[in-house]
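One structure is given below, encoded as structure tokens.
Quick caveat, the model's predicted, so the values are computed rather than measured. When a residue number appears, it is its place in the shown sequence, counting from 1.
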Amino acid sequence: IKVPYGGTLNISEKGGAEFAIDSHRLQVHGGIKVGSSAASTHQFTGSITASGIISSSTIIHGTQFYAANKQAVASLGTNIVLGSDSYGTKIDGSSLQISAGNVGITGSITAVQDLTGSGVLTYGTSGDNQLHTLYGKLKVVSSDITIGDGHVSASGDIRATGSIYA
């Protein structure tokens, strides 16, 4: 089938093939199957628009994916970004970076190496009398330690280089 220059090839199950002179377009009313095997490759230049579901039984390649007109997933250098480039969650092979907001985790967190941070660390629930166990040494540098309701007990020596007030 040869389409006139600047024409459109319309294929419908009722009328067969028909030509229109307007732009280079292929319009198909009904389904279309392209290729004869999974090894077939097809290249489209420009945008592909669908008003329904686009599905794949294998892999979809791309650098950005959107949901509800918002960036959902993107590739940024060696990172995979969930959300936008500016305020997204960035993941690479060895780290996870959350750019804005709070992180809520239900369940346990296990760290094999150091935990570091800046700002205020809040642990436990206000008003609950929970037991928190720390193994090893606790070193507080350039700060005061304030212990709220409760007692201080030790199984070893308590030492001070300054005054102790009661």
Side-chain angles (χ1 to χ4, degrees), residues 25-26 28 30-166:
R25 292 191 297 174
L26 169 65
V28 179
I32 185 171
K33 181 178 179 182
V34 180
S36 58
S37 73
S40 297
T41 302
H42 309 285
Q43 180 176 341
F44 297 88
T45 303
S47 299
I48 297 176
T49 303
S51 59
I53 296 171
I54 298 175
S55 66
S56 170
S57 59
T58 59
I59 298 171
I60 297 176
H61 289 273
T63 57
Q64 295 183 19
F65 297 92
Y66 284 74
N69 291 324
K70 293 181 181 175
Q71 182 175 302
V73 180
S75 173
L76 182 63
T78 59
N79 293 321
I80 300 297
V81 179
L82 305 177
S84 72
D85 289 350
S86 302
Y87 299 106
T89 300
K90 296 176 177 69
I91 303 170
D92 69 18
S94 62
S95 66
L96 168 68
Q97 175 187 347
I98 299 172
S99 299
N102 296 322
V103 177
I105 297 175
T106 303
S108 298
I109 298 175
T110 301
V112 177
Q113 294 188 10
D114 297 341
L115 293 174
T116 60
S118 60
V120 176
L121 171 65
T122 303
Y123 190 81
T125 304
S126 179
D128 287 352
N129 197 7
Q130 299 168 332
L131 174 66
H132 303 288
T133 304
L134 175 69
Y135 296 98
K137 296 179 180 180
L138 175 63
K139 182 179 183 180
V140 179
V141 179
S142 304
S143 273
D144 298 328
I145 294 178
T146 303
I147 298 175
D149 298 337
H151 303 282
V152 176
S153 62
S155 60
D157 295 339
I158 296 177
R159 298 173 191 218
T161 57
S163 300
I164 296 178
Y165 299 98

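More than 12 heavy-atom neighbours from other residues, nucleotides or ligands sit within 6.0 angstrom of CG on Asp128. No more than 12 heavy atoms of other residues, nucleotides or ligands lie within 6.0 Å of CD1 in Ile53, so this atom counts as exposed by the packing criterion.
How far CD1 of Ile109 is from CG of Leu115: 8.0 Å, rounded to the nearest 0.5 Å.
In this structure His61 satisfies the ring pair (Phe, Tyr, Trp, His ring centres under 6.0 Å) test with no other residue, sequence neighbours excluded.
Of the possible polar contacts, none joining the Gln71 side chain to the Gln64 backbone as a donor-acceptor pair under 3.5 Å is found.
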